[in-house]
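Right, one structure below, let's go through it.
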Amino acid sequence: MNIFDLYLDKIIILIKRLNKEGSLELPESLNGINVDIPPPNFDCDLSTNVAMVLSKVNKKSPIVVANTLINLIKSEDEKIESISVAKPGFINIKFKSIYWNNFIENVNENYKNFGVNIKEEKKKYLIEFVSANPTGPLHVGHCRGAILGDVISNILIFNKHDVSKEYYVNDYGNQIINFTKSVFHRIREILNNEKFPIDNPDLYPGDYLVNIANNIIDNNKNLKFDKFEDVSKELTLLSVEESLKLIKTNLAILGIVHDKFTSETEIVLNKEVEKVIQNLKEKKLVYEGKIKAPKGEDNDNWVEREQLLFKSTNFGDDKDRALQKSDKSWTYFASDVAYHNNKLNRGYDVLINILGADHAGYIKRISSVVEALSSGRNILICKVSQLVKLIKDGKPFKMSKRKGDYITVEDLISEVGKDATRFIMLNRSSDVELDFDFAKVKEKSKDNPLYYVQYCFARISSVFRHVDLDINKDLNIREYDFQYSKDEIKILKKISEWPKCIEAASLRLEPHRIPVYLYELSSEFHSYWNMGKDDLSKRFINDQKIIPNDKLVFLKVISNVIRSGMNIVGVDTPEKM
RNA sequence: GCACUCUUAGCUCAGCUGGAUAGAGCAUCUGUUUUCUAAACCGAGGGUCGGUGGUUCGAGUCCACCAGAGUGCACCA
């Protein structure tokens with residue numbers, strides 16, 4: 001139940017009727033009309049700009065238009081207590097208290113779907129996120145994007161869309177060869193006591209490779225590890241498999257499960273790259289040419305090469321992009337073109353890619369390709385998550401690839417926990433850099449927004465516990481005939497904003513709105529709770545140790561929204577803390 | 001040199017397709033525990049929304065230019 005949409009519909013029906021009767025002109029588009037939350041210092045519940053939108057075509061001031069509308073709106077709605085016009089032409093509506101009875105009844109009847117955006121057309125989404133190279137476990141740097149992608153998926157699923165969460169496995173190319181060589185050397189080290197060539201900068205020195213090597217040895221007794229060339233094919237498969245096992249475990253501790261892992265090697269072996277390039281050639285978007293050196297830089301060692309290029313400049317990119325290396329093998333970009341073609345062929349309405357800030361420069365070329373391959377339908381949305389600045393012991397913590405100098409997901413979660421990590425990483429817009437201070441994230445106080453919100457739920461649970469009710473069970477209340485006080489209505493108004501929060505989060509793919517909303521709601525609840533100290537009527541459990549029905553449904557609706565939101569964020573709502 | 005993102009209180013940030021007197025938290029100062037969970041709450045101070053123009057009934061939000069910060073910019077993936 002979205003009361004803003006409800007009243008927007010009512011107003012639009014009204015003005016269309018007036019237009020038909022000949023007493024009101026309408027502009028070409030009614031899209032500018034909205035019903036919104038009034039500023040906090042106004043004593044009203046809804047506010048609309050309809051008069052300001054209509055004033056121009058009717059050649060009347062917004063105030064005059066508003067005054068002709070308010071009596072009509074009020075006379076047709078018995079739940080409105082008062083309606084007024086404010087400069088420069090807003091119409092402000094205040095409901096009778098009975099309205100909030102209806103509201104709360106309505107929400108509790110179908111609380112699982114409260115907030116679901118019923119206007120949104122149901123679509124098929126494919127969201128690709130994480131897609132870290134399968135050369136080892138995930139580290140902190142992967143977390144933000146991983147959580148961002150997961151929660152965007154949760155929001156879309158909450159809104160009843162069809163969502164497939166996908167991980168693109170870059171198991172092809174030089175990095176994988178080097179990774180496999182590293183595993184090979186670790187195996188030789190274990191079996192033949194050969195020293196690992198630690199000085200080779202192409203190899204991966206990490207300790208986890210020893211575990212991978214041991215696992216491979218144990219599970220493949222029949223394999224001989226004499227010459228790299230002889231086992232490279234098989235060892236690549238095994239090494240990637242081990243690596244993916246690690247990654248999946250890491251994702252699982254973050255609470256993330258992908259629906260599909262697509263292998264780059266498979267795309268290449270299926271000749272999908274050749275096929276898609278043929279397709280682009282027919283569209284005259286692929287040619288043999290040279291890339292010019294960028295201006296203004298030191299380009300002394302710039303080598304101009306004739307190579308196969310994709311004409312991404314047709315779509316606004318700064319330069320055309322290489323599809324083939326000088327040895328004629330495919331670039332990463334080429335196989336990614338094929339992968340995106342593969343996605344398109346699977347019939348999704350919207351493709352979403354979650355990228356780290358360091359890959360933002362890649363967006364233009366890949367969206368160009370999708371545009372070209374989908375005949376101009378612009379169905380790829382790229383979401384960039386900005387850097388996370390780690391702060392440990394009050395100082396910035398710089399990660400480097402050198403051994404021991406980086407924090408894995410496992411380290412992170414065992415130190416601060418899954419819930420705190422998810423909540424804090426989401427608490428800011430993905431467009432801004434995020435300070436992740438280990439000490440603060442671990443803190444169990446109101447300085448930590450996760451606990452602040454969880455504590456709100458725990459307080460509600462404690463009330464239920466005191467009167468022997470189960471917060472997880474549906475209430476069986478038929479009579480909704482309550483009189484809510486001003487302070488309670490303030491919270492109910494906040495509850496009524498929940499569908500708006502979901503709508504904005506979903507439309508713009510901005511999950512941070514949810515933790516921000518939950519924090520605000522919790523703040524209002526904690527405030528109300530403390531009023532009970534001075535005013536016994538504000539307490540939930542009365543002196544006969546009973547909780548009245550009005551308080552009960554009131555608590556229920558708050559707890560439902562908090563739980564619903566926390567489910568989307570992917571964190572627990574403990575009943576006791 | 002180019003591209004993308006950011007610039008809002010001392011610090012970290014919200015601000016919903018342009019809306020009314022710009023909001024939180026931290027920090028600072030101050031009060032609240034015989035009480036449903038003090039992991040909480042009440043109150044105070046703190047602002048030229050980076051700058052300059054423009055668009056209009058109306059700009060923190062849109063446009064142009066300028067300044068600053070971050071990230072990236074060949075065949076790595």
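A note on names: the letters A, B, ... follow the listed sequences, proteins ahead of strands, and every chain is numbered from 1.
- A:Ser329 comes within contact range of no nucleotide atom at all, as no heavy-atom separation falls under 4.0 Å.
- Looking at A:Trp498 and A:Ile562, their side chains never come closer than 4.5 Å, going by heavy atoms from C-beta outward.
- On the C1' atoms, B:A59 is 14 Å away from B:U8, given to the nearest whole Å.
- Here A:His512 reaches the OP1 or OP2 of B:G15: one of its side-chain N or O atoms lies under 4.0 Å away.
- Taking the side chain of A:Asn41 as heavy atoms from C-beta on, and the options B:U37, B:A77, B:U21, the nearest nucleotide is B:U21.
- Judged by ring centres under 5.5 Å apart and planes tilted less than 30 degrees, A:Trp302 stacks against the six-membered base ring of B:A74.
- Checked against B:U35, B:A74, B:G25, the side chain of A:Tyr519 finds its nearest nucleotide in B:G25.
- Counting only heavy atoms from C-beta on, A:Arg365 has its side chain closest to B:A77 among B:A77, B:C16, B:U35.
- Heavy-atom nearest nucleotides on RNA chain B were determined for A:Ile37 and for A:Ser462, and the one closer to the 5' end corresponds to A:Ile37.
- B:A14 and B:U61 have their C1' atoms separated by 13 Å, given to the nearest Å.
- When all heavy atoms of A:Phe114 and A:Met1 are compared, the closest pair comes out as CE1-O, 3.4 Å.
- Within a 6.0 Å radius of CD1 in A:Ile118, no more than 12 heavy atoms belonging to other residues, nucleotides or ligands are found.
- If you check residues 353-361 of chain A against RNA chain B, the residues with a heavy atom closer than 4.0 Å are A:Ala357, A:Asp358, A:His359, listed by number.
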Pair pattern of RNA chain B in dot-bracket, where unpaired bases get dots and | marks partners in another strand, Watson-Crick or G-U under 3.5 angstrom
(((((((..((((.....[...)))).((.((.......)).)).....(((((..]....))))))))))))....

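- Remark: A:Lys94 NZ is packed, more than 12 non-hydrogen atoms of other residues, nucleotides or ligands lying under 6.0 Å away.
- Regarding contacts with the backbone of B:C41, a side-chain N or O of A:Tyr452 is found under 4.0 angstrom from either OP1 or OP2.
- By the stacking rule of 5.5 Å between ring centres and under 30° between planes, A:Phe90 stacks on the base of B:A20.
- Using a cut-off of 4.0 Å between Lys/Arg side-chain N and Asp/Glu carboxylate O, A:Lys119 and A:Glu503 are scored as salt-bridged.
- Counting any heavy atom pair closer than 4.0 Å across all strands shown, A:Phe42 reaches a base atom.
- Take the nearest nucleotide of RNA chain B for A:Ala504 and for A:Val53: the residue whose nucleotide is more 5' is A:Ala504.
- Among the protein residues, A:Ala86 comes within range of the nucleic acid bases, having at least one heavy atom under 4.0 Å from a base atom.
- A salt bridge does not link A:Asp435 to A:Arg428: none of the charged nitrogens lies less than 4.0 Å from a carboxylate oxygen.
- You'll find that the side chain of A:Tyr455 is closest to B:A39, out of B:C36, B:C2, B:A39.
- Between B:A14, B:C41, B:C57, one nucleotide has an atom nearer to the side chain of A:Ser527 than all others, and that is B:C41.
- Taking 4.0 Å as the cut-off between side-chain N and carboxylate O, A:Lys343 and A:Glu166 do not count as a salt-bridged pair.
- The pair A:Lys551-A:Glu488 counts as a salt bridge, with a side-chain nitrogen and a carboxylate oxygen less than 4.0 angstrom apart.
- Taken residue by residue, residues 433-441 of chain A places heavy atoms nearer than 4.0 Å to RNA chain B at A:Glu433, A:Asp435.
- For B:A38, the OP1/OP2 oxygens have a side-chain nitrogen or oxygen of A:Trp529 closer than 4.0 Å.
- With B:U37, B:G19, B:C13 as the candidates, the nucleotide lying closest to the side chain of A:Arg428 is B:C13.
- Each of B:C16, B:A39, B:A38 was ranked by its minimum atom distance to the side chain of A:Arg459; first place goes to B:A38.
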Test ring-ring contact (aromatic ring centres under 6.0 Å, His included) applied to A:Phe438 and A:Phe436, step by step
CA-CA 6 Å; A:Phe438 278 74; A:Phe436 192 89; 5.5 Å; yes

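- The side chain of A:Asp318 has B:A3 as its nearest neighbour among B:C13, B:G19, B:A3.
- Considering only side-chain atoms of A:Lys533, the nucleotide from B:U32, B:A14, B:A77 that sits closest is B:U32.
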